[in-house]
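Structure first, then comments.
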Amino acid sequence: MFPPPSFGSAGEHRLQQQLGTTERAARFYDQQVRPHLTSEMREFIGRQIMVFLATADSRGECDASFRAGPPGFVHVIDDHTLAYPEFRGNGVLASAGNMSENPHLGMLFVDFTHHHVGLHVNGVARLYDDADLRRVHPALPVDVAPGRSPHLWVHLTVEEAYIHCSKYIPHLEPAPRPAGHDAGRPKDADYFTKRRAPVWSSLS
């Protein structure tokens with residue numbers, strides 16, 4: 001018998017009991033889930049150029065978003081701490097706004113090109129001005145995005161980290177944008193509202 005799980009929500013534990021997966025889940029918690037980042041996880045994060053974010057506001061209304069940058073744009077401060085920059089964008093600040101109400105943040109890093117594995121990192125986020133966080137952590141990277149300065153930093157205290165199975169992660173080949181790719185492209189705000197041919201029509 002496994003001891004009571006120290007990870008996971010009450011809801012997932014109830015469903016595990018109902019569906020008969022309690023022992024399988026307990027093995028996963030015991031063998032895969034860590035309350036901090038291992039050295040392998042830290043190295044993996046340092047190589048990633050993208051991350052998917054999950055946030056929710058104080059009422060539990062959810063939002064999913066995406067961040068990208070050069071390798072190391074999500075900076076590993078130590079085994080329990082990450083930080084990444086937020087740049088000035090459309091001014092909505094949906095993810096950061098959620099974190100200001102509900103600090104729980106889920107991050108999913110996925111390697112689509114080499115090892116085909118993912119890493120979940122969940123924890124508690126806090127927003128900092130660039131100068132304020134640099135006073136505490138002077139080793140933060142500079143020039144993460146040339147010509148742009150961080151509007152805010154998201155500082156994450158890690159509560160759990162675990163692998164995402166590689167079984168169904170597709171293989172993607174990195175490629176440069178074709179020359180002239182953006183020529184004549186509608187503004188982002190218009191992309192889904194303008195009448196245009198489906199992007200998949202050339203495949204039929």
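Computed from heavy atoms alone, side chains included, the values below leave out hydrogens, waters and symmetry copies.
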Given the rule that I, L, V, M, F, W and Y join up when any side-chain heavy atoms are under 4.5 Å apart, are V76 and I163 in one cluster?
-> yes
Contacts of R34 that satisfy salt bridge (Lys or Arg N to Asp or Glu O under 4.0 Å) - sequence neighbours left out | none
Sidechain-backbone polar pair: H164 side chain, F109 backbone, donor-acceptor under 3.5 Å | no
Take R27 and Y29 through the side-chain hydrogen bond (donor to acceptor under 3.5 Å, both in side chains) test and state the conclusion after the steps.
-> CA-CA 6 Å; R27 283 193 295 272; Y29 295 139; over 6 Å; no
Please walk me through it: do H155 and Y128 pass side chain to side chain contact (heavy atoms under 4.5 Å, CB included)?
-> CA-CA 7 Å; H155 174 282; Y128 282 87; 3.6 Å; yes
Does T81 have any side chain to side chain donor-acceptor pair (under 3.5 Å) partners at least two apart in sequence or in another chain, and if so, which?
-> D78
List, by chain and number, the other hydrophobic cluster members for L93, where Ile, Leu, Val, Met, Phe, Trp and Tyr join if side-chain heavy atoms come within less than 4.5 Å, directly or indirectly.
-> none
Enter the distance from E12:CD to T22:OG1 here, rounded to the nearest 0.5 Å.
-> 11.0 Å
Any chance you could measure Y162, atom OH, to Q32, atom CD, to the nearest 0.5 Å?
-> 11.5 Å
Do you know the tightest heavy-atom contact between I49 and P70?
-> CG2-C, 4.3 Å
Return the minimal non-hydrogen interatomic distance between V154 and A125, and the atom names on each side.
-> CG1-CB, 4.0 Å
Mind checking whether F44 and F112 sit in one hydrophobic cluster, side chains of I, L, V, M, F, W, Y counted as touching below 4.5 Å?
-> no
At their closest point, which heavy atom of L127 faces which heavy atom of A96, and how far apart are they?
-> CD1-O, 3.6 Å
With sequence neighbours left out, what residues match T38 under side chain to side chain donor-acceptor pair (under 3.5 Å)?
-> E40
Taking only residues at least two apart or on different chains, which pairs with a member in residues 65-84 satisfy ring-ring contact (aromatic ring centres under 6.0 Å, His included)?
-> H36-H80, F52-F66
Smallest heavy-atom separation, P170 atom then H116 atom, equals O-CD2, 3.9 Å
hydrophobic_cluster_shared for I169 and V51, side chain cutoff 4.5 Å | no
Find out if a path of hydrophobic residues (ILVMFWY) with successive side-chain heavy-atom gaps under 4.5 Å connects I45 to V144.
-> yes
By salt bridge (Lys or Arg N to Asp or Glu O under 4.0 Å), which residues pair with E86, not counting sequence neighbours?
-> R67
Those residues that, when tested against N122, pass side chain to side chain donor-acceptor pair (under 3.5 Å) (two or more places apart) = E160
S149 side chain reached by F87 side chain, heavy atoms, under 4.5 Å = no
What pairs with D79 under salt bridge (Lys or Arg N to Asp or Glu O under 4.0 Å), at least two apart in sequence or on another chain?
-> R42
Hey, could you give me the CG/CZ distance between N102 and R59, rounded to the nearest 0.5 Å?
-> 12.0 Å
Nearest-0.5 Å distance that lies between atom NE2 in H120 and atom CE in M41 = 10.5 Å
More than 12 non-hydrogen atoms from neighbouring residues, nucleotides or ligands closer than 6.0 Å to NE2 on H171, yes or no?
-> yes
Members other than Y168 in its cluster, when Ile, Leu, Val, Met, Phe, Trp, Tyr link by side-chain heavy atoms under 4.5 Å?
-> none
Looking at OG1 of T55 and CG of D63, how far apart are the two atoms once the value is rounded to the nearest 0.5 Å?
-> 4.5 Å
Please lay out, stage by stage, how T113 and E173 fare under the test side chain to side chain contact (heavy atoms under 4.5 Å, CB included).
-> CA-CA 6 Å; T113 60; E173 290 286 345; over 6 Å; no
Students should find that the hydrophobic cluster of V124, defined by side-chain heavy atoms under 4.5 Å apart, otherwise consists of none
Any pair with a residue in residues 88-103 that passes salt bridge (Lys or Arg N to Asp or Glu O under 4.0 Å), sequence neighbours left out, goes on the list, sorted by first then second residue, please.
-> none
Check: D111 main-chain N/O paired with H115 side-chain donor or acceptor under 3.5 Å = no
CG (L82) and CG (L37) are apart, to the nearest 0.5 Å, by 5.5 Å
Which heavy atom of I77 sits nearest a heavy atom of A83, and at what distance?
-> CD1-CB, 4.0 Å
Does the side chain to side chain contact (heavy atoms under 4.5 Å, CB included) test come out yes or no for L119 and L108, once each step is laid out?
-> CA-CA 6 Å; L119 175 67; L108 174 60; over 6 Å; no
Per-pair distances, 0.1 Å, donor-acceptor, side chain in residues 130-141, under 3.5 Å, sequence neighbours excluded:
residue	atom	partner	partner atom	Å
D130	OD1	R134	NE	3.0
D130	OD1	R134	NH2	3.4
D130	OD1	W153	NE1	2.6
D130	OD2	R134	NE	3.1
D132	OD1	R135	NH2	2.1
R134	NH1	L140	O	3.1
R134	NH2	P141	O	2.9

